[in-house]
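Just follow the structure's listing: the first ligand is 1, and inside any ligand the first atom is 1. In what follows, residues are counted from 1 in the order of the sequence shown.
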Amino acid sequence: MKGNNRIGIITDDDFAIKNVPPYPHPTFLSYESPLRIKAILDYLGSKEVFSNERIIRIEPLPIDESILGLAHTKYHIESIRRFSNRGFGFLGDEIFITEDTFELAKKAVGGTIQAIKSVLNYDVNQSFALVRPPGHHALQEKASGLCIFNNIANSIIYLKKELQYNKKIAIIDIDAHFGDGLVQYFYDDPDVLYFSIHEFDFEEVDIGFIDELGEGEGLGKSINFPVPMNISDEEFLEFMDVLEPILLEFAPDLIIIASGFDLYFADPIGNGLLTSISYYNFTDKLLKIAKNVCESKLVFILEGGYSLIGLPHCVYAVIMALLEQKYESPIFEKIQFPSEFKNEDLSKIKNSLRKLLANYWISLK
Ligand SMILES: [Zn+2]
C-alpha cells in the first residue's frame, strides 16, 4: 500500500511551550495556550501512541517567509512581525502578541504544509498537524479570533501556486465556529469545496448561513450547516447526510479537516455537548468515504478546542479511528446532559440545505 498504512503526527515542542497568553486566569485570550498542545502530547505519550509502528512523528520544516505572502497582505505580516519584535501587545479584543507569536504562527503554517505534503507524497496515508495558533478566522489583511495566519488557506494556495497542484480539495470544518476567514479564500474556486458545521452565533458573526453557497464558478461549493446550541453525540453526525453524497460526487483528491474540538461539552468557548466519541465516529465514517474517493488521503489540522481536559481525548479519539482500533470514552464523559435541544430544528436545517444544494449536486436531487 502506498503510504505504508502510516499516520503522521506533525508537531514541534515549541507549540507546547511558546506564545504564552499574557494573563493566566481564564479569559477568552488565555484559552489559546501552549498547555493545549502539552496536554495532548502528554496524553498521547501516556497511551504510547508514538510507540505504535503505524504512527510517525514529524517535525515541521522551516518555511520561507515569502510563503506567508501568498495568503496575507504585506501590512498584516509586517504588523505581526513588528509587534512580536516589541514583545507584547494586543490587536483588538481577540489577539494577543508575544515575542514568539510571529515565529510560532509561521511554524503553524509550515506544519500544516508539511502535514499535507506528507500525505500527497505518500510518506503517510493520513496526517494530523498539532499546531497553534489556530488559523481559520484569519483574514488576508488581519488576525482575528485567536488566529494569526490562515494555516489551511495558506497551505492550499502554496500547493496550487508553488507546487502546481491542480486537483480537487475538500475542506471539512468541524470547529464550533464558522471559518469566516478560510471560506473567503476559495469562495469562487470550483476546485476547493468548503463544508462547515458550526453553531449559530447571531450576535457576533453575521455570516455562515445556509444560503451562502459560494459565487461564480464556486457556486454550490461553499456549504454551511449551522447547528443550534447543545448539540449532542446523538445528533452530531446528521450533517453527514448532506456531506457524504457531496463528497462522493465531488470526488476530491484530498480531504482536509479543520479540526476544532470546541463543540466539546466542557469547552469554555463553544456551546455544544459533544464528547470524544463524536470525533471518533466522525473520523471512522470519513475514513470509509475517503477510502472510496481519495485513497484515504485525510489531513487533520488542529483549529480550536480549549478544554485542557477534553482536548487530549478528542485528538486521541481521532487517531484511534484512523488506526481502525476500538475506542473507549473516558469515564468522566459518561454523564447524561439535560438538553433543550430540539431535533426538529436540525431536520429543518438539513432539509432546507439539501433543497438549496439540489441545484448544484445531482446526488441531492
Ligand atoms: Zn472555534
Side-chain angles (χ1 to χ4, degrees), residues 15 19 21 26-37 39-40 91-96 105 108-109 112 128-139 142-154 171-185 194-209 212 222-232 236 239 256-276 278-279 282-283 300-315 317-318:
F15 294 122
N19 211 36
T27 60
F28 179 73
L29 291 178
S30 69
Y31 296 135
E32 207 303 277
S33 134
L35 291 173
R36 299 173 64 221
I37 303 293
I40 296 170
L91 292 169
D93 300 333
E94 297 189 340
I95 299 290
F96 66 90
V109 174
T112 306
F128 201 144
L130 296 172
V131 296
R132 57 174 280 276
H136 76 153
H137 294 303
L139 301 158
K142 67 173 204 163
S144 172
L146 303 171
C147 302
I148 305 291
F149 300 130
N150 203 308
N151 303 325
I152 294 177
N154 212 152
I171 304 168
I172 305 169
D173 191 335
I174 57 168
D175 190 277
H177 307 100
F178 180 49
D180 54 343
L182 182 50
V183 70
Q184 295 188 29
Y185 284 92
Y194 177 76
F195 186 104
S196 174
I197 168 166
H198 49 264
E199 62 185 55
F200 285 133
D201 191 356
F202 293 117
E203 278 176 40
E204 284 179 41
V205 180
D206 58 357
I207 53 174
F209 293 94
E212 295 155 27
S222 187
I223 302 164
N224 297 324
F225 195 112
V227 295
M229 67 189 297
N230 293 338
I231 188 162
S232 67
F236 179 58
F239 73 92
I256 298 173
I257 301 91
S259 310
F261 298 99
D262 38 7
L263 280 173
Y264 188 76
F265 77 98
D267 192 275
I269 301 180
N271 296 296
L273 289 179
L274 302 188
T275 70
S276 54
S278 274
Y279 299 107
F282 164 68
T283 306
F300 291 77
I301 310 294
L302 185 66
E303 291 285 352
Y306 307 97
S307 163
L308 295 178
I309 297 168
L311 185 57
H313 293 279
C314 296
V315 171
V318 168

- Message: Let's test this: below 2.8 Å, count the protein N/O/S atoms around the Zn ion (ligand 1).
- Response: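 For the Zn ion (ligand 1), protein nitrogen, oxygen or sulfur atoms under 2.8 Å: 3.
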Of all residues at least two apart in sequence or in a different chain, which pass the side-chain hydrogen bond (donor to acceptor under 3.5 Å, both in side chains) check with [X]?
X: Asp173; answer: His136, Tyr194
X: Ser276; answer: Tyr327, Glu333
X: Ser259; answer: none

- Please work out whether the ring planes of Tyr306 and Tyr31 are parallel, tilted or perpendicular, with thresholds of 30° and 60°.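 Taking Tyr31 first and then Tyr306, their aromatic rings sit tilted (interplane angle of 30° to 60°).
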- Take Leu302 and Arg36 through the side chain to side chain contact (heavy atoms under 4.5 Å, CB included) test and state the conclusion after the steps. CA-CA 10 Å; Leu302 185 66; Arg36 299 173 64 221; 4.0 Å; yes
- Say whether, by atom type as modelled, one donor and one acceptor occur between the side chain of Asp175 and the main chain of Gly304 under 3.5 angstrom.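 Present.
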